[in-house]
Amino acid sequence: MALLGDAAHAMSPDRSQGAGQSIEDAVVLAAALRRYDTERRPRTQATVRGARKDGARATSPAANRLVVPMLRLMLAALWRKGLSPNGNSIWRWQPPRLPVRKP
């Protein structure tokens with residue numbers, strides 16, 4: 001949720017800045033959403049592709065009969081490690097470092 005315009009920073013009516021500030025807020029928010037999309041899209045698309053690939057493998061009844069018991073018996077440490085030698089990229093995610101504003 002985000003507050004924009006007068007909801008975020010009410011101004012006295014004699015300044016006539018409410019609409020102008022709302023437009024500025026919208027421009028800054030659009031830039032932030034573009035950065036958000038740039039930051040999140042690669043990871044979310046990779047996760048979707050992985051889920052589709054896993055789903056395609058599990059659609060056959062024979063594969064399902066093999067995979068489900070195997071997953072139930074697998075040790076958590078092995079499950080977290082995934083199939084790649086450096087672990088599963090989904091579980092290695094770290095939030096981006098946000099710039100620190102100096103007062």
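Reckoned from all heavy atoms, side chains included, excluding hydrogens, waters and symmetry mates. As the structure is a prediction and not an experimental result, all values here were calculated from the model.
Applying the salt bridge (Lys or Arg N to Asp or Glu O under 4.0 Å) rule to Arg41 yields the partners Asp37; only residues at least two apart in sequence or on another chain are considered. For the side chain to side chain contact (heavy atoms under 4.5 Å, CB included) test, residues two or more places apart in sequence or in another chain that qualify with Thr47 are Arg43, Ile90.
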Per-pair distances, 0.1 Å, donor-acceptor, side chain in residues 95-103, under 3.5 Å, sequence neighbours excluded:
none

Donor-acceptor contacts under 3.5 Å from residues 24-32 side chains, at least two apart:
unit_1	atom_1	unit_2	atom_2	d
Asp25	OD1	His9	NE2	3.3
Asp25	OD2	Gly5	N	2.7
Asp25	OD2	His9	NE2	2.9

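Rounding to the nearest 0.5 Å gives a distance of 9.0 Å between OG1 of Thr44 and CZ of Arg49.
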